[in-house]
Every structure is written in C-alpha cells, then in structure tokens.
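Comments concern the structure below.
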Amino acid sequence: MSLSDQVRPGRPGSIREEDVKLEDGPAVRESALSEGTFHQSQVGGKAVRKHFFSPPDATLADAVNRDADNVDFTDAEEQAVRRKIDLRVLTLVVSSVPYSDLRSISSGNAHVIKAFNDNFGITNNNKWTLALSIFYVGYCLLEMPANVLQRYIGANRFFFLSLTWWGLASLSFVYAKGYGGLLALRVLLGIGEAGYYAGMIYYLSFWYKRSELALRISLCMTGTLPGAIGGLLAFGLVRIQTKVLVGWQFLFLVEAIPTIFMALVTLLFLPSFPFSSSFLTPREKAIAQARLNRDHRPQSHGGMTGWEGFKAIVNDIHAWLLMIVYASFNVGVATISYFLPTLIRELGFSPLASQGLTVAPYAVGWLMVFFQAWHSDKTRDRGYHIMLSTAVSCIGYIVLAALATKGSGSNMIGGRYFALFLVVGGNYSLFPLVMSWAANVFSPTSKRGVGTAFIVSISNCVSIASPQVYFDADDNYQKGHAIAAGCLFASFLAAFALRTRLAHMNKKNADKRLAIAAEGASEKEAAGVERTEEIYDNDPRYVFMT
C-alpha cells in the first residue's frame, strides 16, 4: 500500500506526499507508515485545548486514525496495549463508580435509622418513596444532553463535573434538615448523575472491542460490590456518636469526601480519548485505535449531530426493545437498592443487624454479575444471558411474594432471605449485559452515544414510579414483589424478541454479502462508503451481537 493511498489532501492534518522528505525511497516510507507513528509526528503528537469546555483537537485524532490504518502489530503487542489500558483507564473508571453507587446504598441504609428519619421529617412510607422518586426527574431530563456534552468536552472533564457535583450534594446531606431539604438534595443528586452511567459505557466503547465490553462494564456498572461495602460501612459507622455528628451523618460524610478527591484524580489522569492519552506511546495509540477500527471503528468527532443521532434512535426499533428490557428490570433495581435493608428488617431483625445482613446478598450477587459478563463476552452472546438473569430475578420475586402470604414466621425467614440473593444477583447482572448489548447494536459512534443515553433516560422515567410499588408495608410488600416479578417477565420477552430479530438481520445481511460477492462487486462499491469510514448499523457489512 503506497503513501498516496493513505494520505488524502484536504482533511485536517493531512500530509501531502510531495511534502514528505524521506530520502531512502518507497521502502522507508512504507516502514514509517507500518510503524504507526508517521502522521502523528507531522502534527506534534499532542492534543491542544483552548479552555476547559473546548473540544479536543481533531487534527491529532485524524492523525492517529491514519496511523491506525497502516500500523502492523502482533497479537502480543495488542495484548500489551490492552493491559496498559486496563491498568489506567479501567482502574480509574472502576475506582470512581462505587462512590456513585454508595449514593443509593447510603440512603437505603440510613432510612432504617430513626435519627435519620426524624432529621428529615420522614414520618411515613409515602414520604420516603416520594423522596426516592424525585431523584429521577433531573436524571431523565438531562441524560441525553449530558452524553452530548461528554463527547464534546471529553470524558475526564465530564466525569470531574459529575463527581464533584455528587460529592458536594452528599456533603450537604450531613448538615441539611427537614423534608424540603431532603427533596432538594435528591433532585441535585439526580442532576449530577445524569449521563454518568450511559456516558461510561459510551466512553469504554472508545477503548475496547465489542466482545470485551460486558466483562469490563460488570466491574464498573454494578451496585453489588458498593452494596456490600455500604452494608459494612453502615454496620460500623452508625455506632459512632460525637458532639458534632451522629452515626447516619458519617455515612454521607464518608461518601462525599472520597468522591470529591476522586473527581480531581479523574480530571488529572483519565484520558478523554485514546488519541489524547499521555500514557500510550504514538505507536501504542495507533495499535489501540487499529484494533477497534477492525471491530467497530469509533469516531471521537464528526458524524451525526446530537439531534440527528436522536432522530436515528427514536426511529430504531432496537432502541425501543432495549428500552423495554432496561426499564422493566430497572423497576427491581430501583427498589431493591433502596429497600434491601428494609426488607431484611421486615424479617424480624434489628436495624443494625439488617444493615450487616445486606452484605451477603450483594457479595454473592457480585459473583453472578462477574460470571454472567465473563461468559457473555466469551460466547459473544447477550440475549440468552439476559434472559437467564431476568428469569433468576423473577423467580426470586415470586418466592418473596408467595412466602409473604404465609406471614413472617421463623420458618419463612430462610426462604425469604435466600430469595433476596436471587433478586440481587439477577437484577444487577443485567446492567453490564444490557448496556454492552446497546453499545454493540448502535452505530455510528454518535448514534451509540445518544442511544445509550436514550435507553437510560427513558427507562429511568419509569424509575420515578418504581419506589411507589412498595406501598404495602403492612402486607410484607407482597404486591410490590408481584409487580417487580411481572416487570422482569416483560424484560425477558423483550430480550427474546430483540435477539430473534438481530439473528434474523445477521442472516439477511450475510445473504446480501454473498450476493454482492457473487456479482463481483466490492463491498465498498456495494455499500457506497469508504472502508476507512465508520460502518453504520444499517450497512449489510455490520454484524450485530446477539
């Protein structure tokens, strides 16, 4: 492949062949291109920004993509680059997530403490469920705009803003009083969280292949590990009594301070995109980009606008099916994360013991989350794994509802507690599976960003009403369990329908590619697009992960 085949005048940062001063002939030119550093060396190799909210320089991104089209590398080199990405990118993202998950865990653990309820005027279950629901108002309204903002300014700056907002809001809980103050802070928390989880999936899609996403998302997007940590913290911290602060206030203080610290770490050390990373050499940047370009070719800039991506998503039936999957199982997640300590207390345990007993379901649930994600990546399957997790959680809710009719005698405590293990493991294992499936289904990158945000945003509109399903405290929450079980069954059916449709589309696309090959036309001619451009999900060359 010649230099002129790869360098196209007129694009940002393009290098014309006549401007290249390599005196040793074509062999040396080809060697420079295969090394994966040639185009980056022509533009300085460093991203430039004018101010905090300015986008990264597209010139360097273009240069890295050109080098990625030419770089030659071995499997060992690819694995070494992926390990470096895991150590820097994945470690930082995983380290930041527990603080956001502790937001709901801390609230759930604090609710079983009388002093917390007295401080905020929570006199009945209706007041508590309203406080839980109001969180999702700002979350839903700002989810998609937040993802557009993230792509524009970069992940590190966006996550810095989110984490700082959370930290300050959590810190405010320590000193706030009254029911009005509780509602206001819950709204502020929802605004801060808007775009974070969908943005995290979107961000990871710039670093990992589609078959690598579920496992890594399972390490990031799950409340099981923070849930176990939160239970242990609550078990220890609520005992502390000082002249200045009481036990429940320490829950929010311990959540707030590390979150603010992590926000600063994220800003300083988390790269926005592979092309702007300082921990990778120019050749490693080219390898990191090349391995993705051969899988789904994400683009950090250009392509659809936010509005165009939104129109593409709302006209895509896959987005609506994924939304049904997510919204239905999220009814269970939105309730269990807040009500687990309460449900355990209903078994006859003290408030302190109920906090400690939340640890085991979350710890066992984390094992299911990890195994499901690992096996899903290994088999390159999403649909069947989602159906299994929804079935496990649904069975757990059915058991809870069935045993609730028989009262809360000691012979039923073991069965109801075991059912909570099924509910936690089934519910939380769905997060990485569904969101990695969404990242696999939508293309181009701009549509993927809006699509993941759309699913989370619309689904969380349902979550506004989710806490309200646990309205029957006098009946062991039997109706709430039954509603959650029905929602999990709906999630199962939607996942089955989506998997069946995607498998059918893959078969149709394979037949189209065979027909094109039989006619002697190239894929480029048939699709009408350049090979170097990102493949859209309506292109017959695009292969959906089922």
Side-chain angles (χ1 to χ4, degrees), residues 65 68-69 75 78 82 201-202 204-217 288-299 303-304 309 312-313 315-322 325 372-387 432-452 454-455 494-546:
N65 266 293
D69 288 338
D75 290 341
E78 179 182 353
R82 188 177 62 191
I201 310 304
Y202 180 57
L204 292 179
S205 72
F206 283 98
W207 295 92
Y208 294 104
K209 294 179 181 178
R210 292 184 294 171
S211 60
E212 298 169 346
L213 273 177
L215 177 60
R216 286 160 177 84
I217 293 173
Q289 189 66 50
R291 70 189 211 95
L292 293 191
N293 286 357
R294 298 172 186 182
D295 183 59
H296 62 277
R297 200 175 187 91
Q299 299 292 324
M304 293 180 176
I313 283 295
N315 287 298
D316 190 339
I317 190 174
H318 301 154
W320 292 100
L321 286 171
L322 280 166
V325 174
Q372 278 282 78
W374 169 78
H375 196 261
S376 175
D377 275 349
K378 183 179 180 180
T379 58
R380 297 180 66 85
D381 170 84
R382 299 288 188 250
Y384 286 138
H385 287 77
I386 289 172
M387 285 184 267
L433 295 174
V434 174
M435 294 311 294
S436 61
W437 205 11
N440 297 158
V441 167
F442 301 133
S443 187
T445 310
S446 48
K447 180 182 176 181
R448 183 179 304 121
V450 175
T452 52
F454 171 82
I455 292 167
F496 174 78
L498 179 59
R499 191 193 186 283
T500 302
R501 176 178 169 80
L502 293 179
H504 177 67
M505 291 188 67
N506 280 342
K507 185 178 183 302
K508 283 180 59 178
N509 287 341
D511 292 340
K512 288 180 181 179
R513 291 194 297 270
L514 287 174
I516 291 170
E519 294 173 2
S522 68
E523 291 183 355
K524 176 180 175 180
E525 292 171 346
V529 296
E530 294 183 83
R531 290 177 183 271
T532 54
E533 299 303 321
E534 189 172 12
I535 300 176
Y536 283 36
D537 52 32
N538 59 359
D539 190 302
R541 294 175 297 164
Y542 194 83
V543 179
F544 296 98
M545 185 177 288
T546 58

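Owing to the predicted nature of the structure, the values given are computational and were not obtained by experimental measurement.
A side chain to side chain contact (heavy atoms under 4.5 Å, CB included) with Leu213 holds for exactly one of Ser436, Ser376, Pro432; it is Ser436. Residue Asp537 forms a side chain to side chain contact (heavy atoms under 4.5 Å, CB included) with just one option from Val441, Asp316, Asn440, and that option is Asp316.
Taking the ring pair (Phe, Tyr, Trp, His ring centres under 6.0 Å) definition, one finds that His504 meets it with nothing, sequence neighbours left out. Take Asn506 and apply the side chain to side chain contact (heavy atoms under 4.5 Å, CB included) test, not counting sequence neighbours, and it matches Val543, Phe544, Thr546. Checked against side chain to side chain contact (heavy atoms under 4.5 Å, CB included), Asp377 has the following partners two or more places apart in sequence or in another chain: Ala214, Leu215, Arg382.
Of all heavy-atom pairs spanning Ala495 and Trp437, the tightest one is O-CH2, 3.8 Å. Closest heavy-atom contact between Ala319 and Ile455: O-CG1, 4.1 Å. Counting all heavy atoms, side chain and backbone alike, Gly451 lies closest to Ile313 at CA-CD1, 3.3 Å. Contact record, Ser211 with Arg380: CB-NH1, 2.8 Å, taken as the closest heavy-atom pair.
Between Glu78 and Lys209, at least one side-chain N (NZ, or NE/NH1/NH2) sits under 4.0 Å from a carboxylate O, which counts as a salt bridge.
Thr452 contributes atom OG1, which lies 7.5 Å from atom CD1 of Ile201 (distance to the nearest 0.5 angstrom). Atom CG of Asp539 sits about 9.5 Å away from atom NZ of Lys512, to the nearest 0.5 Å. Note that the OG atom of Ser205 and the CG atom of Leu292 stand 8.5 Å from one another [nearest 0.5 Å]. Residue Asp69 holds its CG atom at 6.0 Å from CG of Asn293, rounded to the nearest 0.5 Å. Note: Leu321 CG to Arg501 CZ = 7.5 Å, rounded to the nearest 0.5 Å. Here the CZ-CZ distance, from Arg82 to Arg216, works out to 5.5 Å after rounding to the nearest 0.5 Å.
A donor-acceptor pair is defined here as one N or O able to donate and one able to accept, closer than 3.5 Å; such a pair exists between the side chain of Arg448 and the backbone of Phe442. Distance alone, capped at 3.5 Å, is enough to place a donor-acceptor pair between the Arg513 side chain and the Pro540 backbone. Between the Asn509 side chain and the Arg541 main chain, no donor and acceptor come within less than 3.5 Å of each other.
For Asn315, the CG atom counts as densely surrounded, since its 6.0 Å shell holds more than 12 non-hydrogen atoms of other residues, nucleotides or ligands.
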